[in-house]
Amino acid sequence: MTGIRNIVVLTGAGISAESGIDTFRSEGGLWEQHRVEDVATPEGFARDPDLVLRFYDMRREAIQTKLPNPAHQALARLDAAWKGELLIVTQNVDDLHERAGARRVLHMHGTHLNAWCTACDTRSPWTGPMIDRPPCPSCGARALRPDVVWFGEMPYEMDRIYGAIRQADLFVSIGTSGAVYPAAGFVRDARELRVRTLELNLERSQGSQWFHESRQGPASRLVPEWVNEVLGG
Ligand code: BV8
């Protein structure tokens, strides 16, 4: 892959599937077990906070028992070796990219491992449950919520993401169905900017037609192969 200096990688639940973390839309996936409206919206949280806090307590506990897979490890290898610009924009709220060693990671939908105090607006590292309404480490108020972006809420660092796409020579999408916006629109933004686009996914996503190239298969095989190509292995 010649002439590539700046890369933006978008990842979704599919990159963590082989680590044993449920995806959202697959058979038996999270959205089959729970109604999105009930567990991933501010309205759902206002209506039944216990339901929402239990949903995220369960997932927060689960991800801490999982390990990064070869796809996370390959992106961490790329991050360590790549001299050009690289930004790994993840829709995932797990910390497997970081646990694999990646550093240039941006969580556009937040993270499980932070608590967000709705009284003092402080975000604090958090690994335990929230169902018993523990006090905020900063102000003591019992007003914590998961630091995740719910439907209808603005994703994080959108300017930084659009800035990176504007500078990019290559946009790569890994393990995402292209069902949720604004993330699902990045490939079209990239195309309008004459950026090369590549999809690595188990199956063609809802936005496949927008990619110059789409490769199908498990991330644990496709991502190490692609990173070897880029690093000229
Ligand atoms: C917003 C955090 C205003 C919480 C999440 C335009 C058109 C239509 C609707 C909208 C629109 N703009 C906005 C909307 C509304 C809404 C939206 O998109 N609705 C959808 C349902 C139609 N968007 C919002 O509300 C967003 N906010 O728009 O604010 C705004 C507007 C403009 C600019 C700025 C702001 C906020 C959305 C964020 C919601 N929070 N997560 C939590 O995790 O609980 S979304 C959550 O679901 C994930 O983060 C992710 O984004 C999405 C799930 O998608 P995927 O990750 O792709 O997972 P999925 O299961 O769907 O697919 C997995 C894929 O992997 C599959 O393709 C499968 O084939 C593949 N796969 C599986 N195994 C493997 C694999 N691939 C490789 N290897 C494997 N082994």
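One-based numbering, in listed order, for ligands and for the atoms of each.
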Problem - Pi-cation contact, Trp150 with Arg145 (under 6.0 Å, within 45°) - result: yes
Handout entry: From His107, Glu18, Arg215 - option closest to atom 80 (N) of ligand 1 by heavy atom
Key = Glu18
Exercise for the section: Would you list the pairs meeting side chain to side chain donor-acceptor pair (under 3.5 Å) in which at least one residue belongs to residues 133-144, sequence neighbours left out? Expected result: Asp50-Arg133
Problem - ligand 1 to Glu153 polar contact by distance, N or O atoms, under 3.5 Å - result: yes
Handout entry: Student check: side-chain heavy atoms of Phe55 and Pro146 closer than 4.5 Å
Key = no
Problem - Contact atoms of ligand 1, heavy-atom distance to Ala219 under 4.0 Å - result: 77 (C), 78 (N), 79 (C)
Exercise for the section: Report yes if Val93 has an N/O atom closer than 3.5 Å to an N/O atom of ligand 1; otherwise report no. Expected result: no
Fill in the blank from the handout: heavy-atom search around atom 11 (C) of ligand 1 in the protein gives Tyr181 CB, 3.5 Å
Practice task
Specify the protein heavy atom at minimum distance from atom 56 (O) of ligand 1: its residue, its atom name, and the distance to 0.1 Å.
Solution key: Ala13 N, 2.8 Å
Practice task
Can you sort out which atoms of ligand 1 are near Gly12, meaning under 4.0 Å from one of its heavy atoms?
Solution key: 56 (O)
Practice task
Could you tell me which atoms of ligand 1, counted from 1 in the order shown, lie closer than 4.0 angstrom to a heavy atom of Thr176?
Solution key: 55 (P), 57 (O), 64 (C), 65 (O), 67 (O)
Completion exercise
Of Pro218, Ala179, Ser177, the one whose closest heavy atom lies nearest atom 61 (O) of ligand 1 is Ser177
Problem - Closest protein heavy atom to atom 38 (C) of ligand 1, given as residue, atom name and distance to 0.1 Å - result: His109 NE2, 3.5 Å
Practice task
Ignoring angles and geometry beyond distance, decide whether Asn201 reaches within less than 3.5 Å of ligand 1 through its nitrogen or oxygen atoms.
Solution key: yes
Problem - Heteroatom proximity flag, Val180 to ligand 1, N/O under 3.5 Å - result: no
Practice task
Indicate yes or no: does an N/O atom of Gln91 lie under 3.5 Å from an N/O atom of ligand 1?
Solution key: yes
Completion exercise
Note: heavy atom closest to atom 4 (C) of ligand 1, options Phe55, Tyr56, Phe151, belongs to Tyr56
Practice task
Please indicate, with yes or no, if any protein heavy atom is found under 4.0 Å from atom 15 (C) of ligand 1?
Solution key: no
Problem - Heavy atom of protein inside 4.0 Å of atom 70 (C) of ligand 1, strictly below - result: yes
Problem - Those atoms of ligand 1 less than 4.0 Å from some heavy atom in Ala17 - result: 73 (N)
Completion exercise
Cluster membership besides Leu106, Ile/Leu/Val/Met/Phe/Trp/Tyr side chains within less than 4.5 angstrom, sorted by chain and number, is Val8, Leu10, Leu87, Val89, Met108, Met154, Met158, Ile161, Tyr162, Ile165, Phe171, Phe186, Val187, Leu193, Val195, Trp210, Phe211
Problem - Identity of the nearest option to atom 68 (C) of ligand 1, non-hydrogen atoms only, from Glu203, His112, Gln206 - result: Glu203
Exercise for the section: Considering heavy atoms of the protein only, find what lies nearest to atom 30 (C) of ligand 1 and give residue, atom and distance to 0.1 Å. Expected result: Met154 SD, 4.2 Å
Problem - Residue, atom name and distance, where the atom is the protein heavy atom closest to atom 79 (C) of ligand 1 - result: Gly14 O, 3.4 Å
Handout entry: Proximity winner for atom 76 (N) of ligand 1, if only heavy atoms of Leu222, Leu202, Leu10, Val223 are counted
Key = Leu202
